[in-house]
Amino acid sequence: MAAAKPTLTDSLSFCLAQLTAAAGEGLGGGKDIATNETPLGRALFVLRTRHVKAAGGIERFRARGGLRPLLALLRRAAAAGPAPSQAGPGSAPSSVESATCDGPAPSSGPAPSASSSSSSSPPARLRKTLDLALSILANCCTEGACRAEVRRLGGIFSLVTILQCVKTDSIQNRTARALGNLAMEPESCGDIHSAGAVPLLVESLTACQDSQCLQSVVRALRNLADSPQHRLALAQQGAVRPLAELLAAAPDPALTLALVRALLELSRGCSRACAEQLSLGGGLGPLVSLASHSKKAVREATILILANLCAQGLVRPALGNAGGVEVLLDELRRRRGLNGAGPASQQPLVRAVCLLCREAINRARLRDAGGLELLMGLLRDPRASAWHLRVVAALVGFLYDTGALGRLQALGLVPLLAGQLCGDAGEEEEEGREAASWDFPEEQTPERAEPGSFRSLRSWLISEGYAAGPGDISPDWSPERYPPPPPPPEPAEPTSPTLGPASLRTPRTLRTPGRSPAATSEEPWGREGPALLLLSRFSQAPDPSGALVTSPALCGLLAYVTGSPGPPSPRALRILTRLTCNPACLEAFVRSYGAALLRAWLVLGVAPDDWPTLRARPARRQHRELGEMLLQNLTVQAESPFGVGALTHLLLSGSPEDRVACALTLPFICRKPSLWRRLLLDQGGLRLLLSALTRPAPHPLFLFFAADSLSCLQGLVSPTVSPALSPTIPLDLDAPSPCLYEHLLGPAPIPAPDLHFLLDSGLRLPAQRAASATASPFFRALLAGSFAEAQMDLVPLRGLSPSAAWPVLHHLHGCRGCGAALGPVPPPGQPLLGSEAEEALEAAGRFLLPGLEEELEEAVGHIHLGPHGGPESVGEVFRLGRPRLVAHCARWTLGPGQCPRKRALALVGLVEAAGEESGPLTEALLAVVMGVELGGKGSSLDC
């Protein structure tokens, strides 16, 4: 018939007319529907095979009004079918059943198949009509406009009625297919749920034997799981367990794919009911086996199902026993190894692996399968920063697993945790209560009778705000067993704010990953809580120095303590206190410059990021007190017999780097004069530190630490030096002395000059021969000796500029402190090397004028190292190479009232200016530290 040539009876108009006539006759009840079976069957057949399948045919069929008579025919055909089964939960209303299904209802239970029972099978012609009509309707429902019209015309209720009344596999197949297509629209999906189709579809899963029918039913259930509410409704109505049982029966490949796709949808945001049914249906083992399926679609869907199931704690132990831990780890490892795999494909697996860490049995499996290395790889990967908080929270599960902690420490967990304290990772996603560890399942205890007095007391506590709800007060407590304590006496002065009900709560939200016994409600639990808990566990080891007393770990802890927007967690303070009180950590604090870092960061307020560029950081008194307390703890360890031996061994027998670190740290942690004198002065620790200044820095803040250490040592050596003393050279230039040379520059000087000095520039400077000859041995020999200049009235002075000659002439005529020495000195910020000041100093030395040299050096110090000078000028002054100026630079740098930052910057300038010639700088600094003045160029100190 399909191959026959189209006739008039095959036209769409003829088919619609037959369909309308059959629907009208059925509704009117004038004729039996079997009377027109042959023309109606022909029309339905042509509609399905030719018109609906043609391009645009579904739209033409809908536009010509074919859906209304088609649905009317289905209602009439369903009314002529056999009786439905007994109604169950969520089934269609009884009024509709009585109106559409006549006859006695069979007993409840699984409906027999069409081949085994005639009571549930319609006549052959009626079955054919239903098959064709349902096939046409299912095909039409593949388009959105048809789905909307079918919903408007009430077709969903008709399909549910057919599904309830006709238990033939072919009818069930086409009905489920039509419902599955309709469920693609959210509005239709809700109507299908409301019509009670879910229990009927679940019943079909257990009754049908045909694979095609089962695939249609499974697809319908999958499409009905379009929202969390609908997924929960499906699970509560028992839709998951039959799917799991079918999967356990090893069906054909097509049905297997349909089942895993349906279970994937149902397990999204996995509910407790879904997990329970899937486990009871025996689906965990088959799912783990299907994870290695040859077909990619089956394999990937199965992996995601296993990952979704991990959200329920009750199923995670069984999932681990079935081999799910190894499967998920292998898949996550494979996806991380793919270059094209993005974070979105790894996110559900990372979440699942982290949730598996909440049970002890799964933690053991994860550790043996290399999961610790995988989690550490996630923490090191900056692209996985969004999961870092979740991974750290998962590692809290290994808190009391000594072997796992040792492995994590060897993999470098501690510096990663320290970096997490002040990182920019996003907030950890909250998990529901059902995701909590199943190692501590909730126990449902029966309610006990409560005495009336307890109920009254509980009501009063809740009304007054002392309890948030009834669950906050245990019924075991009673006033008779636990009498209330006496009221505290009122203080005379309100020294601290009174703690009220609101202040008794934790300052930040308490979020426990699972219900870990280690995370108690007394501790504030913010985003840094898991990392601090792990660091605290590491700090409780007998010797935590190798992991925690390192520069990255200490920097992370100190950055958190000083940079936390609110009060830092007390756990971080306990970690620092525990480390500084542990004798095993003393050498590590010395080697890593940890003590110097504590002082710089907490006491002085200079963090590594603040050096050398200044950053605005508010100075807090509590940080300074914390730093002084931690340094005092280290002092107690250093001055104990064990500490003295350790420091002596480190200074005398350690590596060169350790010896320098020990010499630098001793002034911070040693207060006994006998100890620091013996180690720093008698055994050469101070010279060792000074000689290391010009070598490559072993630490980014080495010169800052060294400047602070030398200043502290100077305070130990000379504790009576007042910080108010200025480090500058005493020079009173505010009230200059009278100038004795100025009168020679007038138009009629008295007495008149008897000599002129001729400069290279041609300038003639007047002078008195007698005064010039007595001021310097050089000029005495030149002007009063046997040289030709003694007879000349115009004496040339070669290699001297006017600015450099000006202070020389003033000095020759007896000027002392008249201000002429300030003339050739450039202002701060300009170089001194090659300046007129350097030329004047060289001229003073060449003309044997030591007084002028001293006066010029005082002028340089006053301008560049005075109140208006800065640390950047110290190096410039040092480059002049004058012994007195070198000593002046050292005094300015280590002055007791100097700012720590300026002191360090000045030392940096001195080291750069000294270059490889460190001898003068070492001697100058050593003299200042020891409180000794350098007597001259050849003076030296032994210590």
Side-chain angles (χ1 to χ4, degrees), residues 551 554-555 558 562 592-617 619 623-624 627-628 631 660-661 663-669 680 686 688-717 721 723 726-728 828-829 864-867 869-879 886-915 918 920-922 924-929:
S551 183
L554 291 177
C555 286
L558 294 177
T562 58
S592 63
Y593 297 91
L597 184 65
L598 291 176
R599 175 175 165 81
W601 206 323
L602 297 176
V603 179
L604 303 179
V606 178
D609 293 340
D610 302 338
W611 174 258
T613 304
L614 176 63
R615 291 176 56 191
R617 185 184 298 271
H623 294 164
R624 184 172 63 255
E628 292 172 352
L631 289 174
V660 171
L664 184 144
T665 307
L666 280 171
F668 300 138
I669 61 175
L680 290 176
L686 178 55
L688 184 66
L689 173 60
L690 293 175
S691 63
L693 295 178
T694 55
R695 293 200 293 266
H699 191 279
L701 290 177
F702 176 74
L703 290 178
F704 185 92
F705 295 158
D708 190 29
S709 176
L710 293 174
S711 177
C712 289
L713 181 58
Q714 183 187 20
L716 293 175
V717 174
V721 176
S726 174
T728 60
H864 286 265
L865 301 179
E872 62 278 355
S873 300
V874 177
E876 287 295 326
V877 176
F878 183 87
R879 285 186 175 91
V886 169
H888 190 184
C889 292
R891 284 195 300 272
W892 193 97
T893 301
L894 300 181
Q898 193 59 269
C899 169
R901 183 183 301 276
K902 290 184 178 180
R903 178 188 300 120
L905 290 174
L907 183 61
V908 171
L910 290 176
V911 171
E912 293 177 353
S918 60
L921 176 61
T922 299
L925 293 174
L926 185 60
V928 174
V929 170

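In this text the structure is predicted, and so the values were computed from the model without any measurement. Numbering starts at 1 and runs along the sequence shown.
At a threshold of 4.5 Å between non-hydrogen side-chain atoms, the residues Cys712 and Phe668 count as touching. In this structure the side chain of Leu907 reaches within 4.5 angstrom of the side chain of Leu925, judged on heavy atoms. You'll find the side chain of Leu690 reaches within 4.5 Å of the side chain of Leu710, heavy atoms only. Tyr593 places none of its side-chain heavy atoms less than 4.5 Å from the side chain of Leu701. You'll find the side chain of Trp601 stays beyond 4.5 Å of the side chain of Leu554, heavy atoms only. A heavy-atom distance below 4.5 Å is not found between the side chains of Phe878 and Thr893. Residues Phe705 and Leu597 have side chains in contact (heavy-atom distance under 4.5 Å, counting atoms from C-beta outward). Val908 has its side chain out of reach of Pro871: every pair of non-hydrogen atoms, C-beta onward, lies at least 4.5 Å apart.
Separation of atoms CG (Leu921) and CG (Leu926) is listed at 10.5 Å; rounding is to 0.5 Å. Note that the CG atom of Asp610 and the CZ atom of Arg901 stand 6.0 Å from one another [nearest 0.5 Å]. Atom CD of Gln714 is separated from atom CZ of Arg891 by 11.0 Å, given to the nearest 0.5 angstrom.
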Please walk me through it: do Phe702 and Val660 pass side chain to side chain contact (heavy atoms under 4.5 Å, CB included)? CA-CA 10 Å; Phe702 176 74; Val660 171; 3.8 Å; yes
Residue pair Ser711, Arg903: steps toward the side chain to side chain contact (heavy atoms under 4.5 Å, CB included) verdict: CA-CA 9 Å; Ser711 177; Arg903 178 188 300 120; 3.3 Å; yes
Stepwise side chain to side chain contact (heavy atoms under 4.5 Å, CB included) check, Leu703 with Leu693: CA-CA 7 Å; Leu703 290 178; Leu693 295 178; 4.1 Å; yes
After noting the C-alpha distance and the side-chain angles of Val877 and His888, does the key distance pass the side chain to side chain contact (heavy atoms under 4.5 Å, CB included) rule? CA-CA 9 Å; Val877 176; His888 190 184; 5.8 Å; no
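Smallest separation of non-hydrogen atoms from Ala595 and Thr665: CB-CG2, 3.6 Å. Scanning all heavy atoms of the two residues, the minimum distance from Leu688 to Arg695 falls at O-NH2, 4.5 Å. Closest approach of His699 to Ser551, counting heavy atoms only: NE2-OG, 4.0 Å. Of all heavy-atom pairs between Leu689 and Ala706, the closest is CD1-CB, 4.5 Å. The minimum heavy-atom distance linking Ser873 with Gly829 is given by the pair OG-N, 4.3 Å. Contact detail for Gly870 and Trp892: the closest heavy-atom pair is C-CH2, 4.0 Å.
For Thr694, there are no side chain to side chain donor-acceptor pair (under 3.5 Å) partners at least two apart in sequence or on another chain.
Among Val928, Leu910, Leu894, the single residue meeting the side-chain contact (heavy atoms from CB on, under 4.5 Å) criterion with Cys889 is Leu910.
A donor-acceptor pair under 3.5 Å is formed between the side chain of Thr562 and the backbone N or O of Leu558. Distance alone, capped at 3.5 Å, places no donor-acceptor pair between the Glu628 side chain and the Val603 backbone. No donor-acceptor pair closer than 3.5 Å links the side chain of Arg599 to the backbone N or O of Ser709.
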